[in-house]
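The chain is numbered in sequence order, starting from 1.
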Amino acid sequence: MTDNDRLRRADRLIWALNGITAVLVVAACVGGSFHLAWASFGVVAIAGALLYAAGSFYSARKEQRLASALLCTAQFVLFPALAAPLSYVVASAALPLWDQTFASWDRDLGLDWMGWLSTMNNHPGLHEIFAAAYSSFLPQAAVVILVLGLAGHLLHLRLYILSFIFAALITIAISALMPAQGVWGYFHLTPSNYPNITPVTQQLHLKIFDGLRDGTFRELVARGAEGIITFPSLHTAGAWLFIFAIWPVRYLRWIFLLLNLTMIGATSVDGGHYFSDVIAGTATAVVCWIVAGRIVHGLREEISRIENSPSIEPDMIPNSAGAVFVPVAESKPRIIA
């Protein structure tokens, strides 16, 4: 299988996952009580269509780097617009909350969330750096896609897109079974608990989260959706995926490593996550990257390549003096005259 075949296979899977997610969202509206805010979806659909058309144009001109950058941007624009509504749908299942369990896991690990909040509050200058890193998610995604595409890391770019989609779908699925309101709701925090700082998210999601659970909120939006997933932390998973994705680009790897480690450190306070969410998000990223890599590069091809590699064992070749061992570079039988 050629690299072009792998690219086409990865793109087909990415578009298929977008399509499946869209079907699930529409089914929640047709067969349930949800309704779509069409205007918010229309803007995203137009942007995605224009990017796809431009990518297809440059693909036909054999300008694969620019084509990949545009097509993968289209994929990344469309998927979050579908995944966010899906997270709303699964939250409406309103299964028992897991906040007490997650807080208990943090304590068992010796991790003090309120202590970390106090540290940030006592060092507002440091918190500003953490908050800026936390807010860099979307700009980083744009940079990763454009850099990998234009630099020619086309398979690696698909690996990033696919692993992010896997991570998002896994976190959505787990959040349905293990929902949580997050630390702001569980600890009943108010600005008096952190007078010197302004965390990024705070209670922004609670009204929607509670409304989804009690049935008073049923609008699905593509733009302006709030992140309502607590466990695992998708922000943490995304940070690790940024690091994995940009690593082949030598001049950016260390910048992204520092930036995203800072983002991960900010996720607890600025994202309202338990430390256990961050740990679970890390595990999610690693698993999704490995699985996506096997799909993009082909597990069977890797196994076949190993099996067909030259032997490092010597062949035993008989001669008139008896059997002798002669090192050879091939594993196939040979006739020696």
Taking only distance into account, with no hydrogens and no angle test, what donor-acceptor pairs under 3.5 Å do side-chain atoms of residues 162-181 form with protein atoms, sequence neighbours excluded?
{"from": "S163", "atom 1": "OG", "to": "L159", "atom 2": "O", "distance (Å)": "2.9"}
{"from": "S163", "atom 1": "OG", "to": "Y160", "atom 2": "O", "distance (Å)": "2.9"}
{"from": "T171", "atom 1": "OG1", "to": "A167", "atom 2": "O", "distance (Å)": "3.1"}
{"from": "T171", "atom 1": "OG1", "to": "A168", "atom 2": "O", "distance (Å)": "2.8"}
{"from": "S175", "atom 1": "OG", "to": "T171", "atom 2": "O", "distance (Å)": "3.3"}
{"from": "S175", "atom 1": "OG", "to": "I172", "atom 2": "O", "distance (Å)": "2.7"}

Review point. Tell me the side-chain hydrogen bond (donor to acceptor under 3.5 Å, both in side chains) pairs involving residues 199-208, sequence neighbours left out?
Key: Y194-Q202
**Study point:** Residue list, side chain to side chain donor-acceptor pair (under 3.5 Å) with H235, at least two apart or on another chain
**Key:** none
Point to revise | Partner residues of T267 under the side chain to side chain donor-acceptor pair (under 3.5 Å) criterion, sequence neighbours left out | key: none
Check your understanding: Do L259 and V249 share a hydrophobic cluster (ILVMFWY, side-chain heavy atoms under 4.5 Å, transitive)?
Key -> no
Review point. Does CH2 in W240 sit with more than 12 non-hydrogen atoms of other residues, nucleotides or ligands closer than 6.0 Å?
Key: no
Check your understanding: Can you list every salt bridge (charged side-chain N to carboxylate O under 4.0 Å, His left out) pair that touches residues 45-61, not counting sequence neighbours?
Key -> R61-E63
Review point. What do the steps show when you test F231 against F102 for ring-ring contact (aromatic ring centres under 6.0 Å, His included), and what is the final call?
Key: CA-CA 9 Å; F231 182 93; F102 299 148; 4.5 Å; yes
Review point. Of all residues at least two apart in sequence or in a different chain, which pass the side-chain contact (heavy atoms from CB on, under 4.5 Å) check with A131?
Key: H127, V200, D270
Practice item. Return the set of residues passing side chain to side chain donor-acceptor pair (under 3.5 Å) with R253 (not counting sequence neighbours), or none when no residue passes. Key: none
Review point. Which pairs count as salt bridge (charged side-chain N to carboxylate O under 4.0 Å, His left out) when at least one residue sits in residues 142-168, sequence neighbours excluded?
Key: D11-R158
Check your understanding: Just checking, is any N or O donor in the side chain of S118 or N121 under 3.5 Å from an acceptor N or O on the other one?
Key -> no
**Study point:** R223 atom CZ: more than 12 heavy-atom contacts under 6.0 Å
**Key:** no
Check your understanding: Do L66 and L146 belong to the same hydrophobic cluster, where Ile, Leu, Val, Met, Phe, Trp and Tyr are linked whenever their side-chain heavy atoms lie under 4.5 Å apart, directly or via other members?
Key -> no
Check your understanding: Hey, what do you get for CG (L155) to CG (L7), rounding to the nearest 0.5 Å?
Key -> 4.5 Å
Check your understanding: Step by step, would you call V221 with E226 a side chain to side chain contact (heavy atoms under 4.5 Å, CB included)?
Key -> CA-CA 9 Å; V221 297; E226 295 291 345; over 6 Å; no
Review point. How about F217 and F209: are their ring centroids closer than 6.0 Å?
Key: no
Exercise for review: May I ask you to check whether over 12 heavy atoms, not counting those of H123, lie within 6.0 Å of atom NE2?
Suggested key: no
Check your understanding: Looking at residues at least two apart in the chain, or sitting in another chain, which of them share a side-chain contact (heavy atoms from CB on, under 4.5 Å) with V143?
Key -> V147, F256
Check your understanding: Can you name the residues that form a side chain to side chain donor-acceptor pair (under 3.5 Å) with S136, not counting sequence neighbours?
Key -> Q140
Revision key, fill the gap. The salt bridge (charged side-chain N to carboxylate O under 4.0 Å, His left out) partners of R65 (sequence neighbours excluded) come to none
Review point. Does a side chain donor of either W113 or S268 reach within less than 3.5 Å of an acceptor in the other side chain?
Key: no
Review point. Near F137 CZ, under 6.0 Å, is it more than 12 heavy atoms from other residues, nucleotides or ligands?
Key: yes
Check your understanding: Without hydrogens or angle criteria, can the side chains of N4 and T2 be said to hold a donor-acceptor pair below 3.5 Å?
Key -> no
Point to revise | Partners meeting side-chain contact (heavy atoms from CB on, under 4.5 Å) with L71 (sequence neighbours left out) | key: Y52, S56
Review point. Shared ILVMFWY cluster between V286 and W247, side chains joined below 4.5 angstrom?
Key: yes
